[in-house]
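Each remark here refers to the structure printed beneath this line.
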Amino acid sequence: QVQLVESGGGLVQSGGSLRLSCAASGSIFSIDDMGWYRQGPGKQRELVASISRFGRIKYAGSVKGRFTISRDNDKNTVYLQMNSLKPEDTAVYYCNAAIVTHVPPYDYWGQGTQVTVSS
């Protein structure tokens, strides 16, 4: 089993920045992709950004150019640098680790960290 521990959430004014971190432990060698999802009030959980073990990156269109995802494979940690934050970025952010080279694929989730952006 994979355990994910998140940190870095908090309160910030519009236009500010936050950096989220997620450290994985357990069956770490089985992880293929890591990423961040978020769920705002009254909304479904959505992909924010993901990164593969080899550096292949995907971003949601709403955050492209403002957020940057990175991964330290040696530390089994993924980061999300969030700049130019907007009130619509307010959500609970969840770290995700996926084993995609398996049918069906496995997904593991962190406990979530609250990000609140004030006007």
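Given the structure is predicted, the values throughout are model-derived calculations rather than measurements.
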Joint hydrophobic cluster, [X] plus [Y], side-chain heavy atoms closer than 4.5 Å:
X: Tyr94; Y: Leu47; answer: yes
X: Tyr79; Y: Leu18; answer: no
X: Val78; Y: Tyr59; answer: yes

Side-chain touch [X]/[Y], heavy atoms, less than 4.5 angstrom:
X: Arg56; Y: Asp33; answer: yes
X: Ile31; Y: Arg71; answer: yes
X: Arg38; Y: Val115; answer: no
X: Gln114; Y: Leu11; answer: no

Applying ring pair (Phe, Tyr, Trp, His ring centres under 6.0 Å) as the test, list every pair that has at least one member in residues 10-49; sequence neighbours left out.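 Sorted pair list: Tyr37-Trp109.
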Minimum-distance pair of heavy atoms, taken over all atoms of [X] and [Y]:
X: Ser17; Y: Ser84; value: OG-N, 4.3 Å
X: Ala97; Y: Val2; value: CB-CG1, 4.4 Å
X: Val100; Y: Asp32; value: N-OD2, 2.8 Å
X: Asp107; Y: Ala98; value: OD1-CB, 3.6 Å
X: Leu4; Y: Ala24; value: CD2-CB, 3.6 Å

Quick check: does any side chain N or O of [X] sit under 3.5 Å from a backbone N or O of [Y], one acting as donor and the other as acceptor?
X: Tyr108; Y: Ile99; result: no
X: Thr113; Y: Tyr93; result: no
X: Asn73; Y: Arg53; result: yes

Knowing that exactly one of Val12, Thr116, Val63 qualifies, which makes a side chain to side chain contact (heavy atoms under 4.5 Å, CB included) with Leu85?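 It is Val12; the other options fail the test.
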To the nearest 0.5 Å, what is the distance between [atom1] ([X]) and [atom2] ([Y])?
X: Ser7; Y: Leu20; atom1: OG; atom2: CG; result: 8.0 Å
X: Cys22; Y: Glu6; atom1: SG; atom2: CD; result: 5.5 Å
X: Ser25; Y: Asn76; atom1: OG; atom2: CG; result: 8.5 Å
X: Met34; Y: Leu80; atom1: CE; atom2: CG; result: 12.0 Å
X: Ile51; Y: Lys58; atom1: CD1; atom2: NZ; result: 12.5 Å
X: Cys95; Y: Gln3; atom1: SG; atom2: CD; result: 12.0 Å

> Can you name the side-chain contact (heavy atoms from CB on, under 4.5 Å) partners of Ala23, sequence neighbours left out?
Replying inline: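 With sequence neighbours excluded, Ala23 shows a side-chain contact (heavy atoms from CB on, under 4.5 Å) to Thr77, given in chain and number order.
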